[in-house]
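The block underneath contains the structure these notes are about, expressed in structure tokens.
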Amino acid sequence: MRRYFYDDKGFHPTPDSAKACWINISDPDRDDICYLIGKEGVPPILLEYLEDKDERPRVERNGDWMMTIVRVPVECDNGVMPYTTVPFGIISNSSDRMITVCYHNTLLPDSFAEHSCQISLETKTVSEFTLRIFFSTAYWYLEFLRQMSEYVIGTEKSLEKSIENEDLKQLMRLQKSLVLFNTSIKGDVMVLERIQKIYGNELNEDLAEDVDIEMKQADTTAAISNDIIKATMDSYASIISNNVNNIMKRMSALSIILIVPTFVASLYGMNVDILISSPYAFWIILGIAAVLTIFAFLALRKLRWL
């Protein structure tokens, strides 16, 4: 999908490609690729790099064109992990026209454009635009990390009484996402340092410092969240094991209790003299079974098996 934006105290959508200073293409089709190569003159090799979902963050040059690849977080529902990261390319040449390309659907461009209008943001240079994209990337990392943290807190109560593995499996999926987040953020931080060297004095120093702080905060938060989930998984794996053991203990106790009346009934059900000559023999035997059963119940209760 191809969208055009013009800059007027924020990025506003426009249908006029000639007026646009920013072109965003998400999940490009053949027509979008032909437009980038034929109309904008983007080198095809740069687009091939972005097509690789495992492409690492870096700065790539091809003639007058420069592409900054940053890995951004996205939600996914593939049953393996709830979140992942994908390459997001910021492409520019000697002009001030910016092109962003991502072969996956991500919320970052629309949220960035909306936020820029809310704060009347003026982006005058490619370097400043690039820093703003990094800032928005850090925001989405922190947002998804917050959602992960809320999920972990929400599952703690259910895990305390759980004997199923489903909650632990979900925590394992979150841990996979956190590993990707941690690796991708570290790569983005390295690219950010590279950008600061490339643009030098052209950069807005205050903005660069703010972006650096946000990215490092995301890096630290991802590492802490990963450690918390590891500890949670270890703790609740033990809790689930203890819960299963407690259930087995109760089942064993109930089996012992049920054995007592069964034993009495089996003993007096044999074809032998029952040594009780009374018209109330049946009720006497039933009473003996009841007394022994109650005694067994109280004994197991005292041992905390019930």
Side-chain angles (χ1 to χ4, degrees), residues 73 75-84 142-183 220-306:
E75 292 185 83
C76 62
D77 188 16
N78 56 8
V80 178
M81 60 188 74
Y83 306 98
T84 187
L142 291 170
E143 175 63 21
F144 287 145
L145 288 169
R146 182 187 62 79
Q147 293 178 16
M148 291 184 194
S149 178
E150 289 180 353
Y151 175 82
V152 172
I153 294 173
T155 57
E156 284 183 355
K157 291 184 178 180
S158 63
L159 281 169
E160 289 176 0
K161 299 181 180 179
S162 176
I163 60 172
E164 301 292 339
N165 291 327
E166 190 58 38
D167 290 326
L168 283 178
K169 288 179 181 178
Q170 182 61 19
L171 288 178
M172 185 175 65
R173 297 186 190 105
L174 287 178
Q175 189 177 26
K176 291 179 180 178
S177 295
L178 282 171
V179 171
L180 281 178
F181 276 24
N182 210 355
T183 304
T220 302
T221 304
I224 293 173
S225 298
N226 194 22
D227 291 341
I228 290 174
I229 285 186
K230 281 183 180 179
T232 302
M233 289 179 64
D234 292 341
S235 299
Y236 286 106
S238 299
I239 289 175
I240 288 176
S241 178
N242 289 337
N243 290 343
V244 173
N245 290 337
N246 288 334
I247 290 175
M248 295 302 298
K249 185 190 294 184
R250 290 190 180 95
M251 292 180 65
S252 299
L254 290 174
S255 298
I256 293 172
I257 292 173
L258 292 174
I259 284 174
V260 173
T262 303
F263 172 75
V264 174
S266 300
L267 179 65
Y268 284 99
M270 295 181 182
N271 191 21
V272 295
D273 190 1
I274 62 174
L275 303 178
I276 300 178
S277 300
S278 172
Y280 302 104
F282 173 78
W283 298 107
I284 293 172
I285 295 171
L286 192 63
I288 293 172
V291 170
L292 292 176
T293 301
I294 293 173
F295 177 78
F297 173 81
L298 294 176
L300 292 172
R301 185 70 176 269
K302 189 173 182 180
L303 293 174
R304 296 184 179 181
W305 278 42
L306 289 171

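Values reported hereafter were calculated over all heavy atoms of this structure, with side chains retained and with hydrogens, waters and symmetry mates removed.
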Set of side-chain contact (heavy atoms from CB on, under 4.5 Å) partners for Thr293, sequence neighbours left out: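 Ile257, Val260, Pro261.
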Under the side-chain contact (heavy atoms from CB on, under 4.5 Å) test, which residues partner Ile224, sequence neighbours left out?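 Scan of Ile224 (side-chain contact (heavy atoms from CB on, under 4.5 Å), adjacent residues dropped) gives Thr220, Ile228.
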Point-to-point distance, once rounded to the nearest 0.5 Å, from [atom1] of [X] to [atom2] of [Y]:
{"X": "Phe297", "Y": "Leu254", "atom1": "CZ", "atom2": "CG", "answer": "9.0 Å"}
{"X": "Asn226", "Y": "Thr221", "atom1": "CG", "atom2": "OG1", "answer": "12.5 Å"}
{"X": "Gln175", "Y": "Asp227", "atom1": "CD", "atom2": "CG", "answer": "9.5 Å"}
{"X": "Ser225", "Y": "Leu178", "atom1": "OG", "atom2": "CG", "answer": "5.5 Å"}
{"X": "Tyr151", "Y": "Ile229", "atom1": "OH", "atom2": "CD1", "answer": "9.5 Å"}
{"X": "Ser149", "Y": "Leu142", "atom1": "OG", "atom2": "CG", "answer": "12.0 Å"}

Sequence neighbours excluded, which residues qualify as ring-ring contact (aromatic ring centres under 6.0 Å, His included) partners of Tyr83?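 Checked Tyr83 against ring-ring contact (aromatic ring centres under 6.0 Å, His included); matches are Phe144.
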Which heavy atom of Met81 sits nearest a heavy atom of Cys76, and at what distance?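 So the minimum-distance heavy-atom pair works out to O-SG, 3.0 Å.
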Work out which heavy atom in Pro82 is nearest to a heavy atom in Leu174; give both atom names and the distance.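 Minimum heavy-atom contact is CG-CD2, 3.4 Å.
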Is it true that a side-chain atom of Ser252 and a backbone atom of Met248 form a donor plus acceptor pair closer than 3.5 Å?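 Flag set: sc Ser252 to bb Met248 pair under 3.5 Å.
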With sequence neighbours left out, what residues match Glu75 under salt bridge (Lys or Arg N to Asp or Glu O under 4.0 Å)?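 If we apply the salt bridge (Lys or Arg N to Asp or Glu O under 4.0 Å) test to Glu75, skipping adjacent residues, there are no hits.
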Residues forming a salt bridge (Lys or Arg N to Asp or Glu O under 4.0 Å) with Arg173, sequence neighbours excluded: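 Scan of Arg173 (salt bridge (Lys or Arg N to Asp or Glu O under 4.0 Å), adjacent residues dropped) gives Glu166.
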